[in-house]
Protein chains: 2
Amino acid sequence: MAEKRSDKTTITDVARHAGVSTATAGRVLGGYGYTSAENKEKVRLAAQALGYRANQLARSLITGKTRTIGVVAGDIQSPFYASVLRGIADVARAQGFGVLLTNSDERLEREIEAVQLLLEKQIDGLIVAPCDTSGARHLHDAAASGCPIVQIDRRVAGLAADSVTLDNRHAARDSIGRLIAAGHRRIGMIAELERFEFGDMEAFVDGVVAGSIDPETLFPSWQRLFGYIEAHIVHGISIDRSLIGRAGTYSGSAARAATMKLLQRADRPTALFTADGLMSAVAMDAITSLDLSLPDALSLICFDDLDWMRFLKPGITAIAQPLTEMGEAAARLILSRIGGEGSAEQHHVLTHTLALRGSVSAPQAIDA
Amino acid sequence: MAEKRSDKTTITDVARHAGVSTATAGRVLGGYGYTSAENKEKVRLAAQALGYRANQLARSLITGKTRTIGVVAGDIQSPFYASVLRGIADVARAQGFGVLLTNSDERLEREIEAVQLLLEKQIDGLIVAPCDTSGARHLHDAAASGCPIVQIDRRVAGLAADSVTLDNRHAARDSIGRLIAAGHRRIGMIAELERFEFGDMEAFVDGVVAGSIDPETLFPSWQRLFGYIEAHIVHGISIDRSLIGRAGTYSGSAARAATMKLLQRADRPTALFTADGLMSAVAMDAITSLDLSLPDALSLICFDDLDWMRFLKPGITAIAQPLTEMGEAAARLILSRIGGEGSAEQHHVLTHTLALRGSVSAPQAIDA
DNA sequence: GCTTCCTATGAGAACGTTCGCACAATGACG
DNA sequence: CGTCATTGTGCGAACGTTCTCATAGGAAGC
């Protein structure tokens, strides 16, 4: 039976009850050093009798290890982070690690606060989806102070930390390639495309064409646009910049406005490519409300494979990210760093899967 | 500039650098006790110069408070827990609390492990979706040892802890009532209905009819079935037990088997009620594959309002749970307990919202 | 001028562990 | 019979904070 009062049973109590020193009790309960079988038994019995529960705080204070990893997600509510987190939590649990969770809402101030909180709690390692890939002083500081970091989904330029990302560029290029192969020439895209440090959209497209932009540390939606542009280049199709629907912010209303603008044009695109789950849901909503039939009136490929894409009337062809695997990889990476692995920076790039369904067909002839 | 070595800057360093005692430095940085404006300034400058970062571990060890709450979710990957967790995290962050996350996969052993881990890390309070509502020794022990607990989604019988749940019974009763009002007499139900301690399904239905079952500590799917039965009783409709599709386990394949069995009968139900998100997705999949048109061939009401229910051809009428609110309420409750609130047990029962869409109509005449 | 109160400071003891060290006892080896 | 290495034990010092206490200057009250 446990005590009534708050869990006050300390290792000293156990030691006294077992008739040994606290050092010996510590050795038995902490599983280090040498102890006789006889004392092991005595201490274990005493611990059980008193309902002893180790205080990890005290242990951590002296060992300098908390067996806890911190996670800064964008928004746990989104299927993306939920699945990634699931992967992280599974691997962590298997190793007896705890997961301290925060979310940044993709806002730098929040991320800075979160990292500060986590570091004060002395986490052994940090998994973060950085919301600013250029500056990130706080992350550089954290890394410099000796806290291992694994970046997820995107990378901060020049940060001394491992990363786990997706082959966004190839995924987009392949998908757009399929649309082109099916005969499409006017392919619309709906994407967040929030920040871009090097200028505006025009500058970006020109930069990709000119080969002067490094895709490595771009945000995913920009990487996907990069692939979209590349596919056009490869197949010798000129890019109509007005077909690139830029929400400008990660919000449903902005996405809806961009989608509607694109789909209500007289020269509507014959195919649509949505760059993430939110955009896909919004686009699907718009398509339904405009009564466009898939794939006759419009072909569609979505980034992120959401459950409803399977059982819609024509299934939606979608790019599936290995989300839990991404989380698992990140967790394994951080744990090996915590374990003292000192090898060179590792950058895992996971590959997508294309789920082929019925939302793509040849365009209905009306234009060339 | 921060140090190169691991963050070794302690309060002693700061004190020395500022030319005061560690006590004074502590008072400034910890924000307690009295300090002169002059010393405040000196200490702050020294802290900044050395890149000092407080070690919460040491602080917690002495204060006995970690400003961290533990959460045991079933499966973070599910939209349900993801949204609840979002609510929890928001409230916690606003108060400067951390969130330590684990998931149990609804398995008792995992939950016990998780609670042990969290308690060893000295969390100030615990939010848990208990996966066994009858025994739960570990939760009774935790509560007895002084750790505040808030239960979520379901309640352990006799546990001294607050709770936040949904009005499952009423939600189901109202929804079934609507189907009955629309003219339906054979209403199928698909639900998990995993464990039931007091006997089998027959015993449950008989128990509800006889009024001998206490709905308070039932699992949600059983509470929803409770409401389903009640609605039938209220409207004087006899219950055909073969219309109750019991998956028996929370898995897609089991749900699919139960659904197919129900929908492929010669005397197919004219309406279907699915008891949670997974069941709904599976049912929708089955409905599509059987080419049943909603709402003509089948009316449908789903528990849990998932995003695709909005933009399906006929929208799906759904019962929406206030998920983030549930998390927020749980977090507020636990924080007020941590703050020393000593009032009587609180059991918040949140109310659902019914999103009326196009998946319900009068049954197509063919049977009475 | 004497308390009394408020502000301000530092020394040192907590908090509950682990860890370094000293010291035995034991057995093996030569 | 020394000399090791191996196993086992307890004392007390860490770890980095907060907290209690003792001390003291100054303002206010009478």
Query raised in the report: Any luck finding a side-chain donor-acceptor pair between Thr10(B) and Thr12(B) under 3.5 Å?
Result: yes
Report task. Indicate whether any N or O donor in one side chain lies under 3.5 Å from an N or O acceptor in the other, for Gln77(A) and Ser83(B). Result -> yes
Within the structure, does a side-chain N or O atom of [X] lie under 4.0 Å from either OP1 or OP2 of [N]?
X	N	value
Tyr32(A)	dT18(C)	yes
Ser21(B)	dG10(C)	yes
Asn39(B)	dT9(C)	yes
Ser36(A)	dT9(D)	yes
Ser60(B)	dC15(C)	no

**Report entry** Greater than 12 external heavy atoms within 6.0 Å of His140(A)'s NE2
**Finding:** yes
Query - First of Lys40(A) and Thr63(B) reached from the 5' end of DNA chain D, by closest nucleotide - result: Lys40(A)
Query raised in the report: Where each residue is assigned the nucleotide of DNA chain D containing its nearest heavy atom, which of Tyr34(A) and Thr24(A) is assigned the position nearer the 5′ end?
Result: Tyr34(A)
What integer distance in Å separates [X]:[atom1] from [N]:[atom2]?
X	N	atom1	atom2	value
Lys65(B)	dC19(D)	NZ	P	13 Å
Arg67(B)	dT18(D)	CZ	P	13 Å
Asp13(B)	dT17(D)	CG	C1'	13 Å
Leu61(B)	dT18(D)	CG	P	11 Å
Glu120(A)	dG16(D)	CD	P	15 Å
Ile11(A)	dG16(C)	CD1	C1'	8 Å
Leu57(A)	dC15(C)	CG	P	14 Å
Ile62(A)	dC15(C)	CD1	C1'	12 Å

Report task. Spell out, as yes or no, whether a donor-acceptor pair under 3.5 Å connects the side chain of Asp124(A) to the backbone of Arg67(A). Result -> yes
Requested in this report: First locate atom CD of Gln116(B), then atom CD of Glu113(B), and finally report the distance between them rounded to the nearest 0.5 Å.
Outcome: 9.5 Å
Requested in this report: Name the residue closer to the 5' end of DNA chain C, choosing between Arg27(B) and Leu29(A) according to the nucleotide with the nearest heavy atom.
Outcome: Arg27(B)
